[in-house]
Asks: 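The structure under discussion is supplied below as structure tokens; questions concerning it will follow.
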2 protein chains.
Amino acid sequence: MPASPPNPASIDFAALDMLRVVHELGSFTAAAEKLNVNQSAVSYTIGKLRACFQDPLFVREGGRQVATDRCEEILAKSLQMLGMLDEMLQPDAFAPGQATQNVTIACNYYERVLLIPGIVAAIRQVAPKMTVKVISSLSDGHLRLLRREADVLIGPFERAESGFHSRRLYGEEYACLMDPGHPLARTPLDADRYLSLNHVLIDYGAGWQSAFLRELEAAGHRLTPTIVVPSPAGLGTLIAGSDLVATIPRRLGARDAETLTLAPSPFRGRFDVSLVWAAHTNASAMHRWLRDLIWSACRG
Amino acid sequence: MPASPPNPASIDFAALDMLRVVHELGSFTAAAEKLNVNQSAVSYTIGKLRACFQDPLFVREGGRQVATDRCEEILAKSLQMLGMLDEMLQPDAFAPGQATQNVTIACNYYERVLLIPGIVAAIRQVAPKMTVKVISSLSDGHLRLLRREADVLIGPFERAESGFHSRRLYGEEYACLMDPGHPLARTPLDADRYLSLNHVLIDYGAGWQSAFLRELEAAGHRLTPTIVVPSPAGLGTLIAGSDLVATIPRRLGARDAETLTLAPSPFRGRFDVSLVWAAHTNASAMHRWLRDLIWSACRG
DNA sequence: CGGGCGCCATCTGATTTTCTGATGGGATAT
DNA sequence: ATATCCCATCAGAAAATCAGATGGCGCCCG
């Protein structure tokens, strides 16, 4: 009879559920009705299970189909599995109020100063039990996404490679920050005059080059900085009262607008600040929520 | 795109295993090779899972297929399930040496005295960690099997109903037990002389009638007992030195053969002692072992 | 930067599995 | 005994799954 023992891997959850119903009702026919299938379908499927498990599973005892001991064991595991399937099926809903996950955002100084406070406030308001971690992303932001070290990346990153998604938050450009007493504080700067200034250059290292520098060099010029610093931190106090000029993103400079002067740069180096994420987080409910939240916080 | 969301119950273990392999290898094509199927089969099955779980499960990230968070969760449960399937599949082997189960045997006085000691000894020899429980089965032995109160039933029970299996152990017949000094101890008994004796009748109650009595009554006779007792216990001392005669199974009487006389009865009431079990224990390895052991112990 | 290549999605048709409806045997109930 | 219920089985239909071919997309290499 068992010409070819059927492959147990071909057992599906419908078969396990049928086992459950037959066990519950003690009858193939009744199970068929409950499952809205033909009686012979039940017979067929139970027959297959019988062959797979090499056990009759159910035997007639005075009009009822009674489970064998082996069947009881199999059934117990089957019920567990059916429960697990149900768990697997529920589309990962995300309830910010109850959520306790951690969110890791990769970005740089610019975003840390200008955007993170608003983002953190927004998160804490609707998801007070969540935690936020901010990590820096010099030039390896995309890699950190792939390594799952960060959930999202915010910054001036063109989406080049596949495996990523991104959303533009807003456009930004560079401007010159200087002391209000600087001789050229009120004069429009052309390229030559700009290049002759005493520049404070921010060199983030790691091969990163600011957009205005790329534009400047593409135009055949070269910047000779007076001072090089690794980050915009403390820039305001460095410039105040000096003849130094720093070329930094406009919104960053705007924070010092009360004490310093922000003048247009001949090399504006326009770029976009974007939200970037790895493809593997694209469908996740939590990540979708996070991305929408960041988008609102950085636009509204 | 999701014209008809496929029924998640139609997911089988082969699909879960495919998920596992794709995750392991990070490639549909490689998984197809490993599973000895066509690449399009992998695509088809993963596509079905994608539809069931409403999640891409795998996304391309730099040449590799990377699992989504949801996929990781699903996979974790899938691995558990695949493990459970393997457990379910192993044909319940039974190792008497390690077994700690209990065995419950239903029987009556006759078997308890003549057979149980040998059975228990045999069990304890090969399965020292198992325990044995003996329960009485007046006329409800079959019911106790169905109720799973007993694993096997031993006794003179014809297998009438379905839902049971049985195996004949040996044939038995009734004989007359009396004091060696009894006037008829050496004379062959015919029916009339037998009927005129002073009988000790064992009446088990519960509607049970001994085979020799049925034979006797079928022949139109009637037995008028001098004494009625509910069990053969202590019968030897009751008969010794008296003119009482008890008609009991031959092997039971043989235990008193040194002090009492066992004479053929004109109503032999032949019957079979059988091992009976419920259909739902028929395939169980433990029960098969137990039945074989009992059969050997009662025959060998 | 263009062409080759590897990988997955999709199409078509073949194969296998599963289902329906009908029939028969065995056991139970009347 | 007869009627009835229940499961197994059969033949054919329907559905699911698979193989082979094709196309699109991105990567890699020149």
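Protein chains get the first letters and strands the later ones, always in sequence-line order, with residue 1 at the start of each.
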Asks: Is there a donor-acceptor pair under 3.5 Å between the side chain of Arg288(A) and the backbone N or O of Ala283(A)?
Replies: yes
Asks: Distance check: side-chain N/O of Ser43(B) vs OP1/OP2 of dA9(C), anything under 4.0 Å?
Replies: yes
Asks: Is it true that Tyr174(A) and Glu215(A) share a donor-acceptor pair across their side chains at a distance under 3.5 Å?
Replies: no
Asks: Would you please name every residue forming a side chain to side chain donor-acceptor pair (under 3.5 Å) with Ser10(B), sequence neighbours left out?
Replies: Lys48(B)
Asks: Let me know the distance between CZ of Phe58(B) and C1' of dC7(C), rounded to the nearest Å.
Replies: 15 Å
Asks: Can you tell me the distance, in whole Å, between the CG atom of Asn36(A) and the C1' atom of dT20(C)?
Replies: 14 Å
Asks: May I have the distance from Glu61(A) (atom CD) to dC6(D) (atom P), rounded to whole angstrom?
Replies: 17 Å
Asks: What's the CD-C1' distance between Gln65(A) and dT28(C), to the nearest Å?
Replies: 13 Å
Asks: By the 4.0 Å heavy-atom rule, please label Val37(A) as base, sugar-phosphate, or nothing.
Replies: sugar-phosphate
Asks: Just the rounded figure in Å: distance from C1' of dT18(C) to CD1 of Ile11(A).
Replies: 15 Å
Asks: Of all residues at least two apart in sequence or in a different chain, which pass the side chain to side chain donor-acceptor pair (under 3.5 Å) check with Asp86(B)?
Replies: none
Asks: Between the protein and nucleotides 12-16 of chain D, which nitrogen or oxygen pairs are less than 3.5 angstrom apart?
Replies:
none

Asks: Looking across every strand, which nucleic acid part, if any, lies under 4.0 Å from Ala41(B) by heavy atom: base, sugar-phosphate, or nothing?
Replies: sugar-phosphate
Asks: List in chain and number order the residues that pass salt bridge (charged side-chain N to carboxylate O under 4.0 Å, His left out) with Asp12(A), two or more places apart in sequence or in another chain; answer none if no residue qualifies.
Replies: none
Asks: I need the full list of ring pair (Phe, Tyr, Trp, His ring centres under 6.0 Å) pairs touching residues 5-43 of chain B, with sequence neighbours left out, sorted by first then second residue.
Replies: Phe13(A)-Phe13(B)
Asks: Parallel under 30°, tilted from 30 to 60°, perpendicular over 60°: which one fits the rings of Phe94(B) and Trp289(B)?
Replies: tilted
Asks: Using a heavy-atom cut-off of 4.0 Å across all strands, would you classify Arg50(A) as base, sugar-phosphate, or nothing?
Replies: sugar-phosphate
Asks: What is the distance from NZ of Lys34(A) to P of dC6(D), rounded to the nearest Å?
Replies: 16 Å
Asks: What is the distance from atom CE of Met286(B) to atom CG of Asp92(B), rounded to the nearest 0.5 Å?
Replies: 9.5 Å
Asks: On DNA chain C, does the nearest nucleotide to Thr45(A) precede the nearest nucleotide to Arg60(B) from the 5' side, or the other way round? Give the residue.
Replies: Arg60(B)
Asks: Rounded to the nearest Å, what distance is computed from the CZ atom of residue Phe164(A) to the P atom of nucleotide dG26(D)?
Replies: 14 Å
Asks: Compute the angle between the rotation axes at the two ends of the helix from dC1(C)-dG30(D) to dT30(C)-dA1(D), each taken over five pairs, rounded to 10 degrees.
Replies: 30°
Asks: Sequence neighbours excluded, which residues qualify as salt bridge (charged side-chain N to carboxylate O under 4.0 Å, His left out) partners of Glu149(A)?
Replies: Arg144(A), Arg147(A)
Asks: Side-chain donor-acceptor contacts of residues 33-42 of chain A below 3.5 Å, not counting sequence neighbours, with atom names and distances?
Replies:
unit_1, atom_1, unit_2, atom_2, d
Lys34(A), NZ, Glu24(A), OE2, 3.0
Asn38(A), OD1, Ser40(A), N, 2.9

Asks: Distance from Leu75(A) atom CG to Met88(B) atom CE, nearest 0.5 Å?
Replies: 10.0 Å
Asks: Take atom CZ of Arg64(B) and atom C1' of dC8(C), then tell me their distance rounded to the nearest Å.
Replies: 15 Å
Asks: Asp151(A) and side-chain hydrogen bond (donor to acceptor under 3.5 Å, both in side chains): which partner among Gln101(A), His287(A), Arg291(A)?
Replies: His287(A)
Asks: Would you tabulate the nitrogen or oxygen pairs shorter than 3.5 Å linking the protein to nucleotides 21-23 of chain D?
Replies:
none

Asks: List in numerical order all residues of residues 12-32 of chain B for which some heavy atom is under 4.0 Å away from an atom belonging to DNA chain D.
Replies: none
Asks: Who pairs with Asp55(A) by salt bridge (charged side-chain N to carboxylate O under 4.0 Å, His left out), at least two apart in sequence or on another chain?
Replies: none
Asks: Residues in salt bridge (charged side-chain N to carboxylate O under 4.0 Å, His left out) with Glu173(B), at least two apart?
Replies: Arg250(B), Arg268(B), Arg270(B)
